[in-house]
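What follows is a set of notes on a single structure, which appears directly below.
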Amino acid sequence: MRDYIPKYLNAFLLAFATFAVVFAIFIAKSSNSSSHLYFATSSSLWTSSFSHALITEKRKRNGSNPGHGSWKRDVKVEAELATARALIREAQLNSNATSSSPLGDKDYIPHGDIYRNPYAFHRSYLLMEKIFKIYVYEEGDPPIFHYGLCKDIYSMEGLFLNFMENDVLKYRTRDPDKAHVYFLPFSVVMILHHLFDPVVRDKAVLERVIADYIQIISKKYPYWNTSDGFDHFMLSCHDWGHRATWYVKKLFFNSIRVLCNANISEYFNPEKDAPFPEINLLTGEINNLTGGLDPTSRTTLAFFAGKSHGKIRPVLLNHWKEKDKDILVYENLPDGLDYTEMMRKSRFCICPSGHEVASPRIPEAIYSGCVPVLISENYVLPFSDVLNWEKFSVSVSVKEIPELKRILMDIPEDRYMRLYEGVKKVKRHILVNDPPKRYDVFNMIIHSIWLRRLNVKLL
């Protein structure tokens with residue numbers, strides 16, 4: 001009998017490894033296609049019936065059985081979403097409006113190839129402004145809930161929480177029965193800042209706070225149990241934002257997770273989760289974020305300055321650190337050089353992932369009029385269901401890092417100018433405003449949540 005055990009064990013391990021590879025390929029392919037929910041150039045859309053079937057199947061797989069309570073969802077809420085789906089689908093299938101939107105708008109009309117479909121995006125955005133309502137649970141006390149830091153690398157988490165709390169974004173409803181989505185207003189940054197012991201390093205503090213909070217709101221309100229959390233969302237820019245959702249099964253598998261670190265290898269699911277940009281507001285000030293020289297005055301081919309951490313940056317530094325007069329790569333910026341000014345006079349800004357896939361250098365490059373050079377793996381780019389990143393950035397794989405100079409030098413001047421113009425156009429969607437302005441980064445975050453809510457039919 002002992003002679004057969006190794007054979008069976010080897011067969012089992014081989015089968016398991018094969019399954020893991022197939023699953024990884026499936027996830028990768030899904031991330032490349034399904035993240036473009038309504039704005040891909042093909043007609044393969046998520047219809048409401050398909051979406052309903054998918055969500056029903058997920059509920060069965062997760063052992064969920066919603067809708068047995070006495071509370072019933074307002075039919076009007078789902079009817080509004082059904083109408084929006086139909087109108088967006090009609091806009092997307094309108095082949096005569098792929099370069100610009102025919103809809104009127106006093107502030108801005110999306111146009112050009114930085115969008116996957118400018119007309120469909122514009123239609124969707126206007127419908128969002130007209131229809132979309134968000135309920136913010138009022139349970140919980142600051143500073144763990146309803147509050148966040150508005151400076152440093154986690155500024156976007158704090159600003160979004162504060163804007164939602166004060167209804168600056170104008171989507172908040174005080175009537176939960178009228179809401180399309182429900183916001184869980186905890187701050188991962190503040191939980192860790194106030195409750196995490198750096199010596200003990202007990203990450204279960206996230207479990208205790210978040211699991212208890214969801215238990216409270218699920219007992220007090222019918223909404224979580226009725227939808228199994230599919231119409232709820234959380235938002236975090238902390239490196240452990242994804243980890244914070246591990247401890248509640250329905251939050252991890254069902255809810256919309258809005259994360260800076262949108263890492264496929266950490267089970268970020270672009271079918272339901274939304275990426276948003278990591279923006280480092282060092283002092284919390286938003287004045288003078290943008291600037292830069294015109295293309296003919298940009299004397300540096302490419303620039304990067306940053307510490308060596310993660311898997312990608314050491315490769316970049318090993319090949320290019322202070323070795324080339326055109327590719328300026330530094331681990332420590334030399335005295336006399338200013339980081340922002342260097343970006344503003346460079347044609348390309350190198351944006352490698354560090355410990356996590358997201359990098360604040362991407363928004364910084366866009367603010368500086370510098371074409372981002374993206375070097376990452378498994379990263380779902382912000383707003384990529386709307387924006388066509390190929391039109392305003394350059395992607396370089398890790399294995400191509402030794403060829404970085406050749407790749408950038410080989411880009412024709414006319415293509416560079418198109419990329420530069422694309423950076424200028426896309427800036428409005430990445431820009432931080434206080435108070436927020438239409439089409440800016442905060443409204444684009446809301447739009448990403450809106451798209452994912454459109455993919456869930458709960459009746």
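Position 1 is the first residue of the sequence, and the numbers go up from there. Values below: all heavy atoms of this structure, side chains included; hydrogens, waters and symmetry mates excluded.
In this structure, F183 and F233 have parallel ring planes: the angle between them is below the 30° cut-off, well short of the 60° mark. Between H232 and W224, the two ring planes are perpendicular [angle over 60°; tilted spans 30° to 60°]. Under the 30°/60° scheme for interplanar angles, the aromatic rings of Y108 and H429 are found to stand perpendicular. Aromatic ring orientation, Y137 versus Y135: perpendicular (interplanar angle above 60°, classes split at 30° and 60°).
At least one donor-acceptor pair under 3.5 Å links the side chain of S448 to the backbone N or O of M444. Not one N or O on the side chain of S124 forms a donor-acceptor pair closer than 3.5 Å with the backbone of A120. Of the possible polar contacts, one joining the N261 side chain to the A358 backbone as a donor-acceptor pair under 3.5 Å is found. Proximity of a side-chain donor or acceptor of K424 to a complementary backbone N or O of G369 within less than 3.5 Å is not detected. Here the side chain of S227 pairs a donor or acceptor atom with the backbone of G229 at under 3.5 angstrom. Formation of a donor-acceptor pair under 3.5 Å by the E157 side chain with backbone atoms of V188 is found in this model. Side chain of R313 to main chain of K307: a donor-acceptor pair is present (N/O by atom type, distance under 3.5 Å, no hydrogens or angles). Side-chain N or O atoms of R172 include one that pairs as donor or acceptor with a backbone N or O of E165 at under 3.5 Å. Remark: side-chain polar atoms of D440 are paired, donor with acceptor, to backbone N or O of N443 under 3.5 angstrom.
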Checklist entry - Between T83 and I131, is a side chain to side chain contact (heavy atoms under 4.5 Å, CB included) present by the stated rule, with each step listed? => result CA-CA 10 Å; T83 299; I131 295 172; 5.9 Å; no
Item to check | Stepwise side chain to side chain contact (heavy atoms under 4.5 Å, CB included) test for Y119 and L103 | outcome: CA-CA 8 Å; Y119 179 30; L103 300 171; 3.7 Å; yes
Next on the checklist: Let's go through V181 and W450 carefully: what are the C-alpha distance in whole Å and the side-chain angles of both, what is the deciding distance for side chain to side chain contact (heavy atoms under 4.5 Å, CB included) to 0.1 Å, and is it a yes or a no?
Outcome noted: CA-CA 8 Å; V181 293; W450 156 255; over 6 Å; no
Item to check | CA sep, side-chain torsions, deciding dist, call: F121, H447, ring pair (Phe, Tyr, Trp, His ring centres under 6.0 Å) | outcome: CA-CA 9 Å; F121 166 53; H447 185 260; 5.2 Å; yes
Checklist entry - When you look at H355 and D239, which way does the side chain to side chain donor-acceptor pair (under 3.5 Å) test go after all the steps? => result CA-CA 9 Å; H355 284 307; D239 294 354; over 6 Å; no
Item to check | L161/F186 under side chain to side chain contact (heavy atoms under 4.5 Å, CB included): CA gap, chis, key distance, verdict | outcome: CA-CA 8 Å; L161 274 161; F186 57 80; over 6 Å; no
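Here E271 does not pair with R257 in a salt bridge; the nearest charged N to carboxylate O distance is not below 4.0 Å. Salt-bridge formation is not detected for the pair D107/R428: no Lys NZ or Arg NE/NH1/NH2 atom is positioned less than 4.0 Å from an Asp or Glu carboxylate oxygen. Using a 4.0 Å cut-off between a side-chain N of Lys or Arg and a carboxylate O of Asp or Glu, E377 and K311 do not qualify as a salt bridge. A salt bridge is defined here as a Lys NZ or Arg NE, NH1 or NH2 lying under 4.0 Å from an Asp or Glu carboxylate O, and E138 with R174 meets this definition. Salt bridge absent: D175 and K133 never bring a charged side-chain N and a carboxylate O closer than 4.0 Å.
From F230, atom CZ reaches atom CD1 of I256 across 10.5 Å, with rounding to the nearest 0.5 Å. For the atom pair F303 CZ and Y330 OH, the distance stands at 7.5 Å (nearest 0.5 Å). To the nearest 0.5 angstrom, I214 atom CD1 is 6.5 Å from S255 atom OG. The structure places NZ of K170 at 12.5 Å from CD of E129, a figure rounded to the nearest 0.5 Å. Here the CG atom belonging to L451 is positioned 5.0 Å from the CG atom belonging to D385, to the nearest 0.5 angstrom. Atom CZ in F442 sits 9.5 Å away from atom CG in L431 (nearest 0.5 Å).
Counting heavy atoms from C-beta on, the side chains of L387 and F392 come closer than 4.5 Å. Within the 4.5 Å cutoff, side-chain heavy atoms of I362 are placed close to those of W389. Looking only at side-chain heavy atoms (C-beta outward), F253 and N269 stay at 4.5 Å or farther from each other. Side-chain contact between I279 and Y367: present, with at least one pair of heavy atoms (C-beta onward) separated by less than 4.5 Å. Residues C260 and Y154 have side chains not in contact (no heavy-atom distance under 4.5 Å, counting atoms from C-beta outward). By the 4.5 Å heavy-atom criterion applied to side chains, V456 and L81 are not counted as neighbours. Residues Y213 and F145 are in side-chain contact: their nearest non-hydrogen atoms beyond the backbone lie under 4.5 Å apart. Proximity of W320 to I401: side-chain heavy atoms (C-beta onward) are separated by under 4.5 Å at one or more points.
Across all their heavy atoms, G140 and H146 have their closest contact at O-CD2, 3.2 Å. Contact record, S155 with L281: OG-CG, 3.6 Å, taken as the closest heavy-atom pair. Closest non-hydrogen pair, L149 versus Y147, comes out as CD2-OH, 4.4 Å. Taking both residues in full, the closest heavy atoms of S393 and L374 are given as OG-CD1, 3.5 Å, listed atom of the first, atom of the second, then distance. Annotation for A179 and T173: closest pair CB-CG2, 3.9 Å, computed over non-hydrogen atoms. Here the closest non-hydrogen pair linking P275 and L381 is CG-O, 3.4 Å.
Within 6.0 Å of NZ in K437 there are 12 or fewer heavy atoms belonging to other residues, nucleotides or ligands. Shown here is E390, whose CD atom has no more than 12 heavy atoms of other residues, nucleotides or ligands within 6.0 Å.
Residues N263 and H242 bring no donor and acceptor atom of their side chains to less than 3.5 Å of each other. Between the side chains of K151 and N280, no donor N or O sits under 3.5 Å from an acceptor N or O. Side-chain atoms of Y439 and N433 include no donor-acceptor pair closer than 3.5 Å.
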Less than 3.5 Å apart, which donor and acceptor atoms pair up between the side chains of residues 283-292 and the rest of the protein, not counting sequence neighbours?
unit_1	atom_1	unit_2	atom_2	d
T283	OG1	E285	N	3.3

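The one candidate from V396, V373, L316 that meets the side-chain contact (heavy atoms from CB on, under 4.5 Å) condition with P352 is L316.
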